[in-house]
Amino acid sequence: MSDSSRTYLTTPIYYATGDPHIGHAYTTFLADTLARYHRQTGARVRFLTGTDEHGQKIQEEATRRGVEPQQLCDEMARRFKKAWEELDIEYDRFIRTTEDEHRQVVRSFLRRLHERDLIYRDTYRGWYCVHEERYWTEKDITPEGNCPDCHRPVREIEEQNYFFRMSRFQKDLIRHIEGHPGWIVPEVRRNEVLGFLQNPLSDLSISRPRHRVKWGIPLPFDEEHVTYVWVDALINYVTASGAIHPGRPAEGEGFDDVTGSWWPADLHLIGKDILTTHAVYWPTLLLGVGLPLPRRILAHGWWTVGRDKMSKSLGNVVDPLALRDEFGTDAVRWYLMREMPTGGDASYTPERFLIRYDELANVLGNLASRATSMIARYREGIVPAARGVGLAEEIESTLESFHRSMLALKLHEALGAAMDLARLGNGYVETREPWALAKDPDRADELDEVLASLHRGLVVLSALLFPVMPRKMRVLAQTLGLGGVPTLEDAIAMKLEGIRVSKGDPLFPKAEKVRAEVGRV
Ligand code: ME8
């Protein structure tokens, strides 16, 4: 995010073959939290998500269900949109690769590569995994003849394909990665890509004969072949940026000048499973057409259930909507963002979920209810004037580490720093003992300062935690007597004296209570 006044963030576009699960929700929450954070600091933000709707995998799933591929995609896109709405994800654009605009941009992109002599026709011999939509060579597949990634059987194919001269860009790509240390984060993923690039890069098959795969975008220079779904899918990021204008030749197609569009993306958020496609195929394709490269790629880790990878075939998929029904959207968002060190793996367990939930109830919720009830009891609900802010230094250092961690994409650390401020707030109550101060009329000034400081700390917390828990932080801001969640600048500087707080229900009811109310034990 080199230019802090604008930020274009993307998630992968998810396959329209199954329902969204917690893994998809994780990447999308990351994007939503970052988007809200940047909007809060006044940046113009474009947050893109969507569905990946072409290819053999979709075609076969539609056949299995006895529906047309388009019907399947319409249904799945609807389900993803609904899930994101229910989880308070505020994207700016939901792209579907079957949209006409995208089809045209893909064709322009390929035409450009073809005109630049970067595409040739040849025979492809090798192995293909439909589930991963990936080619493998003989040496990649397991001794049993399975995909090395998902361990499903691969299919041997030999057919005419078009190839992109990816190998030509190997040196340029290595130079780019070496010259931009923060381009792929975390570093372990960057090293993985550099390791991969130590071997000669082959050319990339970018098409399928139409007699085998019908469900795809026909190549502009040979309608008997459709575009390989990964090439089609990656281009979505450019389509949604508005950089390319097919059919408006007077304006130029946009490949030579992206001014006025959102391209290049500031951040591609992806899981580590799709690192090669994003950090090798995609940049070389962009170099091929002459478009600038994205500014940063974050490849996060894997959510597992216990020690197993979460997957439909293992039947251990955690449904984010079921958790939300029990604990509320914000608790799910908090858990996922706080629990996984960005970049590492994390295991979903109900025990860890409850530990994180208790943190909300017992630390943040507790501080809010103590502060508002003491202001109600000792100052008739009105925030008093105070000479100093008791928590000023703590607030300042929290803000500093919060911003540093957010910009380094370490959201778990940023949120940890905010929760630590709430912890310090509770400690401050214990050491200052406002209940004792209230008994001594000579110490009224001190009590004013303690109450005003707690109030200020909570106002700052509502702003800090708004990106991850928008719903609850609106409620908190209201309880604190504000019209809405303030910006961080306002949270620190605005005049709070004289504001009337209210004492509402607990911000996060105790977990046992939540469970009892929904009839589960
Ligand atoms: O790969 N833990 O789509 P997809 C963490 N259509 N993240 C997970 C996860 C898990 N257990 N499971 C899924 C595709 N994800 C292509 C992408 S982009 C041009 C095309 C998240 O539906 C994570 O972001 O298989 C991962 O990269 C993505 O979902 C894969 O989603």
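Remember, it's 1-based here, ligands and their atoms both numbered in the order they're listed.
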Inset, instruction - May I ask you to check whether over 12 heavy atoms, not counting those of K410, lie within 6.0 Å of atom NZ? - result: no

Legend entry - Proximal atoms of ligand 1 relative to I274 (non-hydrogen, under 4.0 Å): 1 (O), 27 (O)

Legend entry - Identity of the nearest option to atom 15 (N) of ligand 1, non-hydrogen atoms only, from A25, A299, G23: G23

Inset, instruction - Mind checking whether Y26 contacts ligand 1 via backbone (N, CA, C, O), side chain (CB onward), both or neither, at a 4.0 Å heavy-atom cut-off? - result: neither

Legend entry - Atom indices of ligand 1, in the order listed, that fall short of 4.0 Å to a heavy atom of P12: 18 (S), 24 (O)

Legend entry - Ion pair R36/D32, N-O distance below 4.0 Å: yes

Inset, instruction - Could you tell me if any non-hydrogen atom of G18 lies under 4.0 Å from any atom of ligand 1? - result: no

Legend entry - Protein heavy-atom partner closest to atom 14 (C) of ligand 1 - residue, atom, separation in Å: Y15 CE1, 3.4 Å

Inset, instruction - Starting at CG of L9, measure out to CZ of R46 and round the result to the nearest 0.5 Å. - result: 11.5 Å

Inset, instruction - Report yes or no: is the cationic atom of R93 (NZ for Lys, CZ for Arg) under 6.0 Å from the centre of the six-membered ring of F47, at an angle within 45° of the ring normal? - result: no

Legend entry - Nearest-0.5 Å distance that lies between atom CE in M166 and atom OG in S202: 5.0 Å

Inset, instruction - Report the residues that fulfil salt bridge (Lys or Arg N to Asp or Glu O under 4.0 Å) with R474, sequence neighbours left out, ordered by chain and then residue number. - result: none

Inset, instruction - Among all protein heavy atoms, pick the one closest to atom 2 (N) of ligand 1 and tell me residue, atom and distance. - result: W303 N, 2.9 Å

Inset, instruction - Run down the list Y237, W302, Y14 and name the one with the heavy atom closest to atom 18 (S) of ligand 1. - result: Y237

Inset, instruction - Supply the atom-to-atom distance R121 CZ to D222 CG, rounded to the nearest 0.5 angstrom. - result: 5.5 Å

Inset, instruction - Name the orientation class of the two ring planes belonging to H24 and F80 (parallel below 30°, tilted from 30 to 60°, perpendicular beyond 60°). - result: perpendicular

Inset, instruction - Ignoring angles and geometry beyond distance, decide whether G271 reaches within less than 3.5 Å of ligand 1 through its nitrogen or oxygen atoms. - result: yes

Inset, instruction - Number the atoms of ligand 1 from 1 as they appear, then name those within less than 4.0 Å of a heavy atom of G301, with their elements. - result: 5 (C)

Legend entry - Of the listed options I13, I270, T27, closest to atom 21 (C) of ligand 1 (non-hydrogen atoms): T27

Inset, instruction - Quick one: look at H21 and ligand 1, take heavy-atom pairs under 4.0 Å, and tell me if it's side chain, backbone, both or neither. - result: side chain

Legend entry - Residue D52 vicinity, atoms of ligand 1 by number, heavy atom under 4.0 Å: 6 (N), 16 (C), 20 (C)

Inset, instruction - Measure from NZ or CZ of R44 to the centre of the six-membered ring of W262 and say whether it is under 6.0 Å with the direction within 45° of the ring axis. - result: yes

Inset, instruction - Quick one: sort the H268 and W263 rings into parallel, tilted or perpendicular, breaks at 30° and 60°. - result: tilted

Inset, instruction - Mind jotting down which residue pairs meet the ring pair (Phe, Tyr, Trp, His ring centres under 6.0 Å) criterion with at least one end in residues 146-174? Sequence neighbours excluded, please. - result: Y120-F163, Y162-F221, Y162-H225, F164-F169

Legend entry - Contacting atoms of ligand 1, where contact means under 4.0 angstrom from a heavy atom of D273: 26 (C), 27 (O), 30 (C)

Inset, instruction - Compute the shortest N/O to N/O distance between W230 and ligand 1 and return yes if it is under 3.5 Å, no if not. - result: no

Inset, instruction - Give the atoms of ligand 1, by number and element, whose distance to some non-hydrogen atom of H278 is under 4.0 Å. - result: 18 (S), 19 (C)

Inset, instruction - With rounding to the nearest 0.5 Å, note down the distance linking CD in E178 to CG in L197. - result: 9.5 Å

Inset, instruction - Starting from atom 7 (N) of ligand 1, locate the nearest protein heavy atom and write down its residue, its atom name and how far away it is, to 0.1 Å. - result: H300 CE1, 3.3 Å

Inset, instruction - Give the atoms of ligand 1, by number and element, whose distance to some non-hydrogen atom of A233 is under 4.0 Å. - result: 19 (C)

Inset, instruction - Please confirm whether W282 comes under 4.0 Å of ligand 1, counting heavy atoms of the residue only. - result: no

